[in-house]
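Have a look at the structure below before the remarks.
Values reported hereafter were calculated over all heavy atoms of this structure, with side chains retained and with hydrogens, waters and symmetry mates removed. In listed order, ligands and their atoms are each counted from 1.
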Amino acid sequence: MATDLTLLCLEGDGIGPEIMAATLAVLDTVRPLMSRGVTLQHETIGFPALKASGSTIPDPVITAARNADGVILGPVSHNAYPPREEGGLNPSGVLRTSLELFANIRPAKSWPTVPRPVTPEVDLVVVRENLEGFYADRNMASGPGEFMAEPGVALALRKITEKGSTRIARAGFELAQKRGAKRVTAVHKANVMRLSDGLFLDCVRRVAADYPDLPYDELLVDAAAAHLVRDPAAFDVIVTTNMFGDILSDLASELSGGLGLAGSLNLGPTAAMAQAQHGSAPDIAGQNLANPISLILSLAMLLRHLGEATAATAIETQLRDTLPTHRTRDLGGTCSTTDFTAHLCAAIKATA
Ligand code: NAD
Ligand code: IPM
Ligand code: MN
């Protein structure tokens, strides 16, 4: 018999507990469709962990994440944390770096019955470099990547490496091949960041040369944002650096119908972490209003990555069939988080 999958659940802050409960209910429902059992582990991060042990991500949580087959991470209220010296670490950044999760895969796909802000259909994936770039809280081996040179003068460093750029490009082209993508687009700002984005582009071009059958093009990030709104159907796989990918993936999911619909998987050579694309939504926390789809779709991506495609497909298919009649408030519906989840689970059960 195959050994159980071990998944570590970290519910996070704000709406995290509500959308984690919904996601785990869905996971329970697809258990019969899986080739292996699943053992769930639970650890505390975020504000409750800060209160209990002085850190928003205590060391044992990182060890547990390393030892698990996969991690399910809820959103965190990172912006409201105290400084790092007082235990306010960004769990998302710490886990991405500790587990070497260098690729953040963010699909955006429109749903036939969910209204979207532009008419054309969206079906693309943002492949975002996940460990470098402008992210001062995680892009240095030691110390932050930004500092105050003198009062009134703040400096931030953007890290771009050959290794990071090459492996994210490779991840993008491999995914494009699997998807049968019509195009890979590298998004950059090499007209201004000549050295750093120049290096990024050189690396992507070298990888592109290994995939002569895949059409490849390049766009400046500002133009890419405009093109995404005007003609999202022109995009398929977008490969880009960390911050551009963070921003463009939110734009792409909003174009597909809403940020609450956006799945996201962090991938490394030996680890994988499902993580909702949106934040902790403190404005609606604890009110049973949150849309759990982003974390549920992230779970489906994780299951597919771990070889459980049947369970992943069941989740995606039943979501598509549930959405016409059952939606949370952010999608113009009236369902609570728990009502929506109950309907989705019933739909999966009926076909499992
Ligand atoms: P946010 O994504 O939390 O919220 C933006 C808006 O979208 C809010 O109006 C919120 O109610 C709504 N929204 C988000 N997710 C929703 C959902 N699932 N269902 C229904 N509505 C939803 O962004 P923010 O307000 O800028 O950030 C809040 C906190 O989250 C900050 O502390 C920020 O640092 C953090 N954050 C965390 C992550 C993460 O953990 N992955 C990502 C982004 C922001
Ligand atoms: C994201 C978020 C994170 C980031 C935050 C929560 C650390 O914006 O995952 O999109 O900065 O990368
Ligand atoms: Mn983001």
_Passing candidate, salt bridge (Lys or Arg N to Asp or Glu O under 4.0 Å) with Arg183, options Asp123, Asp236, Asp217_ = Asp217
*Going by atom types alone, do Asp13 and Ser280 pair a side-chain donor with an acceptor below 3.5 Å?*
no
*Hey, does the side chain of Glu254 reach the backbone of Leu259 with a donor-acceptor pair shorter than 3.5 angstrom?*
yes
_Less than 2.8 Å away from the Mn ion (ligand 3), how many protein N/O/S atoms can be counted, ignoring water?_
1
*Between Leu27 and Leu40, is any pair of side-chain heavy atoms under 4.5 Å apart?*
yes
Short N or O contacts of ligand 1 with protein, under 3.5 Å, listed by atom name?
| unit_1 | atom_1 | unit_2 | atom_2 | d |
| --- | --- | --- | --- | --- |
| ligand 1 | 2 (O) | Gly279 | N | 2.7 |
| ligand 1 | 3 (O) | Ser280 | N | 3.2 |
| ligand 1 | 3 (O) | Ala281 | N | 2.8 |
| ligand 1 | 9 (O) | Asp283 | OD2 | 3.0 |
| ligand 1 | 11 (O) | Asp283 | OD1 | 2.8 |
| ligand 1 | 11 (O) | Asp283 | OD2 | 3.0 |
| ligand 1 | 15 (N) | His278 | ND1 | 3.3 |
| ligand 1 | 18 (N) | His278 | NE2 | 3.2 |
| ligand 1 | 18 (N) | Asn291 | O | 2.8 |
| ligand 1 | 19 (N) | Asn291 | N | 2.9 |
| ligand 1 | 30 (O) | Val76 | O | 3.4 |
| ligand 1 | 30 (O) | Ser280 | N | 3.1 |
| ligand 1 | 30 (O) | Ser280 | OG | 3.3 |
| ligand 1 | 32 (O) | His78 | N | 3.4 |
| ligand 1 | 32 (O) | Asn79 | N | 3.0 |
| ligand 1 | 34 (O) | Asn79 | N | 3.2 |
| ligand 1 | 40 (O) | Val76 | N | 2.9 |
| ligand 1 | 41 (N) | Gln275 | NE2 | 3.2 |

*asked:* With no hydrogens and no angle check, just 3.5 Å: does a side-chain donor-acceptor pair link Arg96 and Ser92?
replied: yes
_Validation row: Met193, His188 side chains within 4.5 angstrom (heavy atoms)_ = no
_Aromatic ring pairing Tyr216/Phe173, orientation class (parallel under 30°, perpendicular over 60°, tilted between)_ = tilted
_Partner of Glu100 under salt bridge (Lys or Arg N to Asp or Glu O under 4.0 Å), chosen from Arg138, Arg167, Arg66_ = Arg167
*Measure the CD1-OG distance between Ile105 and Ser298 for me, rounded to the nearest 0.5 Å.*
12.0 Å
*If we ignore angles and hydrogens, is there a donor and acceptor under 3.5 Å between the side chains of Asp250 and Gln277?*
yes
*asked:* So, using salt bridge (Lys or Arg N to Asp or Glu O under 4.0 Å) as the criterion, who are the partners of Glu43 when residues are at least two apart?
replied: none
*asked:* I'd like to check Ile15 versus Thr337 (side-chain heavy atoms, cut-off strictly below 4.5 Å). Are they in contact?
replied: no
_Criterion side-chain hydrogen bond (donor to acceptor under 3.5 Å, both in side chains) against Lys189, the qualifying member of Asp197, Asp222, Thr240_ = Asp222
*Anything with a heavy atom under 4.0 Å from ligand 2 counts, so go ahead and list those protein residues by chain and number.*
Asn90, Ser92, Arg96, Arg106, Arg128, Tyr135, Arg138, Asp246
